[in-house]
Amino acid sequence: MAATQEEILEGLAEIVNEIAGIPTEDVLLDKSFTDDLDVDSLSMVEVVVAAEERFDVKIPDDDVKNLKTVGDAVDYILKHQG
Amino acid sequence: MNSTNRTVVVTGVGATTPLGGDASSTWEGLLAGRSGVGLLEQDWAAELPVRIAAGIAVDPATVIPRPQARKLDRSAQFALIAAREAWADAGFTAKAGEDGSVDPDRLGAVVASGIGGVTTLLDQYDVLREKGVRKVSPHTVPMLMPNGPAANVGLEVGARAGVHTPVSACASGAEAIGYAIEMIRTGRADVVVAGGTEAAIHPLPIAAFGNMMAMSKNNDDPQGASRPYDVDRNGFVLGEGAGVVVLESAEHAARRGARVYAEAVGQGISADAHHITQPEPSGNGIAHALQNLLDSSDLKPAEIAHINAHATSTPQGDVAEIKALRKVFGHDVDHMALSATKSMTGHLLGGAGGVETVASVLALYHRTAPPTINIENLDPEADADVVRDKPRALPEGTIAALNDSFGFGGHNVVLAFRTV
């Protein structure tokens, strides 16, 4: 069953917390991975791989650069999840 | 900054070792004659011929938060812990450039390891095979590269004068400190954070060193296994950890009123050109390094009161070093209190020169030579004044200490420090 927007946000928050140590409540739709959440380009790859596994979605490398904010990632996963 | 022969001093020390999580607890452990060696309890150790090692006393996971730690190889974690301590111990309270204490363009970092991020490499290879390509960490390359610890230390303190990693197996830590001394002496930098680190307690390195017959297999007596100068010594015991010092030009240290532990007098370097792993048995290669030290500095053999020996507890190496000391210093060796601290810490490979420089500098500062433990029957060929079982007071007046480090490949590095 496909995850809701709320479930995806919650899942991403847990992933970002695990990888960057940011409190889950600070991982909000308008936050930038790089500027707000201490997720650099290498750590972003880890976020993507964890999200792919959790939400049964493929995020090709070429699409990763478009995921600037948490909201970008949530929308992408909503649209592409299996 | 055109001066090419500036005086260099040590203003900060830091360490994380099998004896303690910082320099002072390590020093107390050395004075107490405590062994940091234990039995390897991990499942993977059960099949190995060598099941002993000197693991770190304080788990780095309790010091470095997980989000940062997961991007750092264990060797870089040790280096960072030791460097932070040394930086604070030198009286710096901020990253370079954030206050006026040091110009980032005049700050360097030189940190070495013998093997680099070997556990990262091997662990990620396991990930590749077991979980597939996509699961290999994107942090793998910066974690396994041998310059990773130096680069992370450089980032931490804001070093822009140059970040370096000389690699010479078990002499790497000492070579790093020697390189740093030169950076300051020749005017390239005013302050350099320098040392060595190693984290190689993993079945592959242990199997490999074991198959070289380089390691002690005294699994039934872990704390007695590292026994430099004892007639029954049968190889080294692998240790892990890091030792880092802050080196500084004497003028820079004086200008900011820093406490000075010792002068870093200089170094002597040579290579054996004899065998890829065996030490040159007559000690000629090491003697050449000692002679180079005397020729390139104002150090006098009469001043040398203490030597932190390389002495890893191998049958050949321990004696070759003493032969070299006799060749160069003759009867002066009689007044040099010789300590083999690897009897307590095990052999930290590229970390050894860092930790043993910290020990040498503290020995001068406290005028106390740490002991060598586990000598039941002194090898008659160990023709020197070995400090056994208990620490020994060093004489008053101006005295110097040497730290010897030698590495596979025939690398010989001798560092000299002197009281101020």
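So that the names make sense, note that chain A is the first sequence line, chain B the second, and so on, each numbered from 1. All figures in this text were calculated on a predicted structure; none of them were measured in a lab.
Using a 4.5 Å cut-off between heavy atoms, A:S41 makes no contact with chain B at all.
Distance NE2/B:H139 to CG/A:D40: 6.0 Å, rounded to 0.5 Å.
Shown here is A:E6, whose CD atom has no more than 12 heavy atoms of other residues, nucleotides or ligands within 6.0 Å. The local environment of CD in B:Q42 is crowded, with over 12 non-hydrogen atoms from other residues, nucleotides or ligands closer than 6.0 Å. Counting heavy atoms of neighbouring residues, nucleotides and ligands inside a 6.0 Å radius, atom CG of B:D99 exceeds 12 of them.
Using a 4.5 Å heavy-atom threshold, the side chains of B:P138 and A:M44 count as separate. The shortest distance between side-chain heavy atoms of A:V48 and B:R134 falls below 4.5 Å. Residues A:L42 and B:P142 form a side-chain contact, since some pair of their non-hydrogen atoms from C-beta on lies under 4.5 Å apart. Annotation: side chain of B:P67 is not in contact with side chain of A:E18 (no heavy-atom distance under 4.5 Å). B:R70 is listed as a side-chain neighbour of A:E46, based on a closest heavy-atom distance under 4.5 Å. Taking 4.5 Å as the limit, every side-chain heavy atom of A:D38 sits out of range of all side-chain heavy atoms of B:Q68.
Contacts with chain B (heavy atom to heavy atom, under 4.5 Å) involve these residues of residues 61-77 of chain A, listed by number: A:D61.
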